[in-house]
Amino acid sequence: MTDIAMPSLFQPQPRSLRFTRPGRPGGVLGALNYAGVLLVWAALFVVRPGLAMQVFRERRADSPIRRRR
């Protein structure tokens, strides 16, 4: 009977329906945060497109935007 009470390591753990990454706000606050980040990126692209493209290129190693040599 004790085997039933212990969870198996191979059974998937139940996840909450409102999943957010640790350290990130969820709900309306998370949506406002995400909108603010997009607004900053858009403003940078409008004001200094060369700098924005350089940041896009160097932001991630697997970026599809070609790097300058």
Side-chain angles (χ1 to χ4, degrees):
M1 288 302 243
T2 58
D3 293 339
I4 296 173
M6 297 179 64
S8 171
L9 296 176
F10 302 106
Q11 290 177 340
Q13 299 297 324
R15 292 174 59 171
S16 67
L17 295 175
R18 301 173 72 190
F19 177 74
T20 57
R21 290 180 11 197
R24 303 281 186 192
V28 174
L29 187 60
L32 290 174
N33 185 16
Y34 189 72
V37 169
L38 288 179
L39 183 65
V40 168
W41 278 108
L44 178 63
F45 193 75
V46 168
V47 174
R48 303 259 326 254
L51 178 62
M53 289 306 290
Q54 180 182 353
V55 171
F56 287 151
R57 266 194 296 278
E58 297 175 1
R59 186 167 171 259
R60 293 184 51 167
D62 61 347
S63 174
I65 303 171
R66 295 187 55 157
R67 292 177 184 253
R68 288 187 186 158
R69 294 177 191 202

- [ ] Under the side chain to side chain contact (heavy atoms under 4.5 Å, CB included) rule, collect the residues that match up with V28, sequence neighbours excluded.
- [x] L32

- [ ] Give a yes or no on whether L51 and L39 share a hydrophobic cluster (residues Ile, Leu, Val, Met, Phe, Trp, Tyr; joining criterion: side-chain heavy atoms under 4.5 Å apart).
- [x] no

Task: Test side chain to side chain contact (heavy atoms under 4.5 Å, CB included) applied to F45 - qualifying residues, sequence neighbours left out - done: A52, M53, F56

TODO: Consider only side-chain heavy atoms of I, L, V, M, F, W and Y, link residues closer than 4.5 Å, and tell whether L29 and V37 are in one cluster.
DONE: no

